[in-house]
Amino acid sequence: MRLVFAGTPDFARLALEALLAAGHEVPLVLTQPDRPAGRGLKLTPSPVKQAALAAGIEVAQPRSLRLDGRYPDEAQAARERLEAIAPDVMVVAAYGLILPQWTLDLPRLGCLNIHASLLPRWRGAAPIQRAIEAGDTRTGVTIMQMDAGLDTGDMLLETVVPIDGDTTAAALHDALARSGADAIVQALEALAGAGLTPRKQPEDGVTYAAKLEKSEAALDLSQPAEVLARRIRAFNPVPGATVRLAGLDDPVKVWQAQALPQQTTAAPGTVLSASSAGVDLATGEGVLRLLELQKAGGKRQPVDVFVRGWQPVAGA
């Protein structure tokens, strides 16, 4: 098919590369403007832009597609380019811009979205992290026919990806990116042949994956250990979970932890023990064992290395 691809991060890059490998014609890629990155805050192209340029594909980076918005000239230029291309379909994956109605209506087969959840569960901005945080045991990818709502369009194809007790957001992101890349290729093959039967999303089971906020990083140790362990995995690597430990001025980032099957009457936040096995903290329910930590300005350290430079008195 002749398609336009709209996406920005690594999650979308894999889909673009899969579509090119499958032989689809992609004359244009839409992606977010270059952003400052790294210590030098150098303007850096998105992973999708880098992949597109490597493949010799034209790239457009409008700041908005709304003709009545803050950047109408950029939106109009994008519209004229899309009309000239006359794509069969637009594939969208974590693009970062809201598509106005003219965009949804322009491709012959509409706009297909690669969404990282089993809709209608976890509509919205952070479905990967919220699924882990909530304790879901499965998630997946939905190829959706986009409409004007927030992830409310008809479902065309689904793939399932399991979540276990060790799955981090980083690992789940990579698994879903691979699954999404395969799924969009399958969906386009089906559309080019016998087609796909759209299915309305059920009204029951709708949940929203709110955008991650930096303020969520600080762990509330009055919560149960199991809840905290899930949050640590959900926020690995971004925004990262943090905890305050006695004797240290700055919060410590927690990369890995586990909830222990034991109870304690100690106040939440109490250090029960600190050894090469882990730093055990009392919580609102149960014990949280910290296994990999990072001091402010330092490197990630396994707990046996971390405790050599931090030996609090048990019960502090």
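Since the structure is predicted, the reported quantities are computational estimates derived from the model, not experimental observations.
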Between [X] and [Y], which heavy-atom pair has the shortest distance, and what is it?
| X | Y | result |
| --- | --- | --- |
| A116 | T139 | O-OG1, 4.0 Å |
| L16 | A52 | CD2-N, 4.1 Å |
| L291 | G278 | CD2-CA, 4.5 Å |
| A169 | A234 | CB-O, 3.2 Å |
| A126 | L212 | CB-CG, 4.0 Å |
| P120 | D204 | CG-O, 3.6 Å |

Between [X] and [Y], does any side-chain N to carboxylate O distance fall below 4.0 Å?
| X | Y | value |
| --- | --- | --- |
| K49 | D34 | yes |
| R79 | E74 | no |
| E133 | R233 | no |
| D88 | R108 | yes |
| D136 | R130 | no |

Working to the nearest 0.5 Å, report the span between [atom1] of [X] and [atom2] of [Y].
| X | Y | atom1 | atom2 | answer |
| --- | --- | --- | --- | --- |
| D166 | I163 | CG | CD1 | 12.5 Å |
| Q50 | T44 | CD | OG1 | 8.0 Å |
| R231 | E216 | CZ | CD | 5.5 Å |
| N236 | Q129 | CG | CD | 10.5 Å |
| L290 | K253 | CG | NZ | 14.5 Å |
| E17 | L14 | CD | CG | 6.0 Å |

If two hydrophobic side chains count as joined below 4.5 Å and joins carry through other members, does [X] share a cluster with [Y]?
| X | Y | result |
| --- | --- | --- |
| L157 | F11 | yes |
| W255 | W310 | no |
| L260 | V227 | no |
| I128 | I114 | yes |
| L3 | I184 | yes |

Hey, does the side chain of [X] reach the backbone of [Y] with a donor-acceptor pair shorter than 3.5 angstrom?
| X | Y | value |
| --- | --- | --- |
| Q145 | L109 | yes |
| R244 | D249 | yes |
| R66 | A75 | no |
| Q294 | G298 | yes |

Return yes if a side-chain donor-acceptor contact under 3.5 Å exists between [X] and [Y], otherwise no.
| X | Y | answer |
| --- | --- | --- |
| Q201 | D154 | no |
| Q101 | D105 | yes |
| T167 | D164 | yes |
| T31 | S46 | yes |
| D151 | W122 | no |

| said: Would T142 and T159 count as a side-chain contact (heavy atoms from CB on, under 4.5 Å) here? Give the steps. | reply: CA-CA 7 Å; T142 303; T159 64; over 6 Å; no
| request: Would you please test V243 and L245 for side-chain contact (heavy atoms from CB on, under 4.5 Å) and show each step? | output: CA-CA 6 Å; V243 66; L245 296 176; 4.3 Å; yes
| With ILVMFWY side chains joined below 4.5 Å, transitively, what does L150's cluster contain besides itself? |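 V206, Y208, all in the cluster of L150.
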| query | Which ILVMFWY residues are connected to L97, directly or by a chain of links, through side-chain heavy atoms under 4.5 Å apart? | reply |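 Besides L97, the cluster holds V4, L28, L30, L65, L67, L82, I85, M90, V92, Y95, L99, W102, L104, L106, L119, M144, M146, M155.
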| message | side-chain contact (heavy atoms from CB on, under 4.5 Å), that's the test. Do L272 and V279 meet it? Break it down for me. | response | CA-CA 8 Å; L272 302 175; V279 175; over 6 Å; no
| So V271 and L281, side-chain contact (heavy atoms from CB on, under 4.5 Å) or not? Walk me through it. | CA-CA 5 Å; V271 178; L281 301 178; 3.7 Å; yes
